[in-house]
Amino acid sequence: LRDSLRLGKAAAYGAALSAEVAAVTGTGQFATFSGNHDMDRLATVAPDVASLGLAAVLLFTTPGLPVVYYGEELGLPNGAASGDLGKRLPMRWDQADGHGFTSAAAWEADTADASVGSVAAQSSDPGSLLSLHRRLIRLRGAHATLRSGATKRLTVDQPELLAFARASDTDIIVVLANFGATEIPLATPDLTEYGTLGGAEVLLGAPATAQTLPARGFQVARYPRDVD
């Protein structure tokens, strides 16, 4: 994921997704994540803020059990400390002293970018990264296909674009993700292998009338199956 975001190309992540799908057999699932306590925070290495939203969309729409490392839902970067301490800052719940994490002295001062909003600040902003995470949690909870549907990467011509389908007996959910730094044409991949489908219901991202996907943009669309 990080390489694809940095390069602006879908190939590396698409290959990893295909390998993960092939590796899982039976009823087992991976625990998937975009960051953890041993990695530089995603906001530190991602090329721009929009990449953080795209990473969240992929985390919650690909197969596996998504795990969010605390602070990633805010876009919290590394702090000033070197090594692991810079990746393990107190959670930024609010902007008060101690950031709502503690009234005592934390093990490490919150030295991350002060412009990144706290939970309290982002909760009131429907366009925030935290609000996007909450929408994604609700979306995954509402659609069983995103939790357990079969996954297949779809063929597209643009190297910046990743397209994949999550399929169940009731519907197909198609995810389009633009890893590039510029907008690209939006075209629905060939879905004929899935039989008769109803019209698209866009669940998240670019509207059904859109002709382009913005830089780091996405669209999540649902197609009902077995429509007469």
Quiz item: Under a 4.0 Å N-O cut-off, is there an ion pair linking D38 with K87?
Solution: no

Quiz item: Are side-chain N/O atoms of R134 and S123 paired as donor and acceptor at under 3.5 Å?
Solution: yes

Exercise. Using a 4.5 Å cut-off on heavy atoms from C-beta on, say whether the side chain of H99 contacts that of S118.
Key: no

Quiz item: Between L7 and L1, is there a shared hydrophobic cluster once you connect ILVMFWY residues whose side-chain heavy atoms come closer than 4.5 Å?
Solution: no

Quiz item: Can you tell me if T145 and D171 form a side-chain donor-acceptor pair at under 3.5 Å?
Solution: yes

Self-check item: Residue pair V67 / T32, side-chain heavy-atom distance below 4.5 Å
Solution: no

Quiz item: Any salt bridge between R225 and D169, counting N to O under 4.0 Å?
Solution: no

Exercise. Test the R153-Y13 pair against the cation-pi criterion, namely NZ or CZ under 6.0 angstrom from the six-membered ring centroid and within 45° of the ring axis.
Key: no

Exercise. Indicate yes or no: at least one non-hydrogen side-chain atom of T62 is less than 4.5 angstrom from one of F164.
Key: yes

Quiz item: What distance do H143 atom NE2 and L203 atom CG have between them, rounded to the nearest 0.5 Å?
Solution: 4.5 Å

Quiz item: Considering all heavy atoms of both residues, which atom of S34 and which atom of L59 are nearest to each other, and what is their separation?
Solution: N-CD1, 4.3 Å

Self-check item: Flag side-chain contact, heavy atom, 4.5 Å: R140 against R147
Solution: yes

Quiz item: Shortest non-hydrogen contact from L76 to R41?
Solution: O-CD, 3.1 Å

Quiz item: What are the two closest non-hydrogen atoms of L130 and Q122, and how far apart are they?
Solution: N-OE1, 3.0 Å

